[in-house]
There are 2 protein chains.
Amino acid sequence: MSKRSYGQYCGLARSLDVLGGRWSLLVVRELLDGPARYNRLLEGLPGIATNLLAERLRELEQAGVVQRSLDADSNSVVYSLTPWGSELRGVVTGLVKWSTPLMISGPQSDTFQTHWLSVALSSLLDNKHTDEPRAVGLEVDGTLITVRTDKSGISIALDDDAQPETVLRAEPMVVLGLASGMLTAEQAIAAGEFRGNKKDLADALSPG
Amino acid sequence: MSKRSYGQYCGLARSLDVLGGRWSLLVVRELLDGPARYNRLLEGLPGIATNLLAERLRELEQAGVVQRSLDADSNSVVYSLTPWGSELRGVVTGLVKWSTPLMISGPQSDTFQTHWLSVALSSLLDNKHTDEPRAVGLEVDGTLITVRTDKSGISIALDDDAQPETVLRAEPMVVLGLASGMLTAEQAIAAGEFRGNKKDLADALSPG
DNA sequence: CCGCATCCTCATGGATACTG
DNA sequence: CAGTATCCATGAGGATGCGG
């Protein structure tokens, strides 16, 4: 029991032996957005100490959650999730959904990064679908998020070059409130500046 | 940021602000089996320090995950999950499923308690159903677990007074291997002692 | 007994400096 | 850029005490 394990033959305990360390699941969250280099992870995890990130990456690699590879072009280390690690998406999604009450209230001083919203939106809207395909833009914190819905489901894209007709400029909390169903479309619209078609926006973001 | 928060406006980070502390999710696991008193929780969480359990219970209560009530009969404190706390079942289930590779191999020295198996079996078999209702018994570590399947789904019961026709006596790993599909029915049967109908057992525990 | 609170020790985490 | 080394602060673990 050197590396402080719970020492229990229980699925949850063994999962937490791997993922329960501080920052571990947040590292997984970053990598769910795709492979990333060390410094990119540092930026996405404000507050983490450099030694801790290195340690967590080593632990997760040894456990088989993360794999490191060498990018041929830049000749630098790239981290990504293994197939088994990618299966954590459902758990992360579940926690994001569960957190909705914590997002509506709570401290305003927390830092915010736009790509975190893409995880949250994927989670909250994951059973959303519409007969007519739509592409709606959200301008949050200077970044455009494109939400596409069709009958097969939804997809979230950051840094997309598409120019959707409808664009909402709003605060993260308003977007989350609308997506989680805790704000009505009218309340959300009243809280933001808009260009384009407001109804499209409400349709795209109201949970199915 | 007094009580070490991640300080991120992100659903996963805020969930972990509440649940990420050591032992926190294991406390939730214990309470998913039903309300419990302090000493019962201590027994179910071997290795936890008494002050830590008290602290975690206070934190979880303040966050709205756990509620404490006073049992009228025994005049003692009883802990249970709030409705919001109960919504963590899906997350716990997801982690238990994800942990399967960790359960097949790994240290044999870990402690084991039968009621942990009931969480795991509920998770692994949750989409199981059969046209003809069955009740199959598993004798593990001296305790009888009854697995009932019908067309509406499955239910797991501990300390049941029912006497199912089929009873398996097997090691936890064998039960989990069969339930997760990592062991075939033949391999599982070869590894255990049996009374009754082996086929019923394999049918009941093979994932649908 | 039950439900904690206190005290003490040591492992872990956090901040910063530094290096190939 | 991708980490390692170092040092200090904090939290976990274990024993014990204590009122109800």
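Bear in mind the structure is a predicted one, so any value in this text is a computation, not a measurement. Residue numbering restarts at 1 for every chain, and letters A, B, ... go by the order of the sequence lines.
- In this entry the distance linking CG of A:Leu57 with C1' of C:dG13 reads 16 Å, nearest Å.
- Counting only heavy atoms from C-beta on, B:Arg68 has its side chain closest to C:dC4 among D:dG13, D:dC1, C:dC4.
- Counting any heavy atom pair closer than 4.0 Å across all strands shown, B:Gly21 reaches no nucleic acid atom.
- The CH2 atom of B:Trp23 sits 10 Å away from the C1' atom of D:dA12 (whole-angstrom rounding).
- Side-chain to base pairing of A:Thr50 with C:dA15: no donor and acceptor N or O lie closer than 3.5 Å to each other.
- Around the CD atom of B:Gln187, the shell of radius 6.0 Å holds more than 12 heavy atoms that belong to other residues, nucleotides or ligands.
- Contact annotation: A:Arg4 reaches the phosphate of C:dT12 (side-chain N/O to OP1 or OP2, under 4.0 Å).
- In this entry the distance linking CG of B:Asp71 with P of D:dG20 reads 21 Å, nearest Å.
- A:Ala49 comes within contact range of at least one nucleobase, with a heavy-atom separation under 4.0 Å.
- Minimum atom distance to the side chain of A:Tyr38 is reached by D:dA2, of the listed D:dA2, D:dA12, C:dG3.
- Ionic pairing of B:Glu61 and B:Arg58 is not present here: no N-O contact between side-chain nitrogen and carboxylate oxygen is shorter than 4.0 angstrom.
- Across the protein-nucleic acid pair, A:Glu61 atom CD and D:dA2 atom P stand 15 Å apart, rounded to whole Å.
- Distance CG (B:Leu53) to C1' (C:dC2): 13 Å, rounded to an integer number of Å.
- Dashed line: the shortest gap from a side-chain N or O of B:Arg37 to OP1 or OP2 of C:dG3 is under 4.0 Å.
- Of the candidates D:dC1, C:dG3, C:dC4, D:dC1 carries the atom nearest the A:Asn39 side chain, counting heavy atoms from C-beta on.
- Each of D:dG3, C:dC4, C:dG14 was ranked by its minimum atom distance to the side chain of A:Leu52; first place goes to C:dG14.
- Atom CD of B:Glu55 and atom C1' of D:dG13 are 12 Å apart (whole Å).
- Taking atom CG of A:Asn75 as the reference point, atom C1' of D:dC1 lies 12 Å away to the nearest angstrom.
- Per the geometry, CZ belonging to A:Arg40 stands 16 Å off P belonging to D:dG3, to the nearest Å.
- Using cut-offs of 30° and 60° for the angle between ring planes, the B:Trp98 and A:Trp84 rings count as parallel.
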Legend entry - Pair A:Arg14-B:Asp110, salt bridge (Lys or Arg N to Asp or Glu O under 4.0 Å): steps then yes or no: CA-CA 10 Å; A:Arg14 292 225 168 156; B:Asp110 285 1; 2.9 Å; yes
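- One donor-acceptor pair, N or O on each side, does fall under 3.5 Å between the base of D:dG14 and the side chain of B:Asn51.
- Nearest to the side chain of A:Arg58, among C:dT12, D:dG3, D:dT4, sits D:dT4.
- The number of heavy-atom neighbours closer than 6.0 Å to CD of B:Glu171, taken from other residues, nucleotides and ligands shown, is 12 or below.
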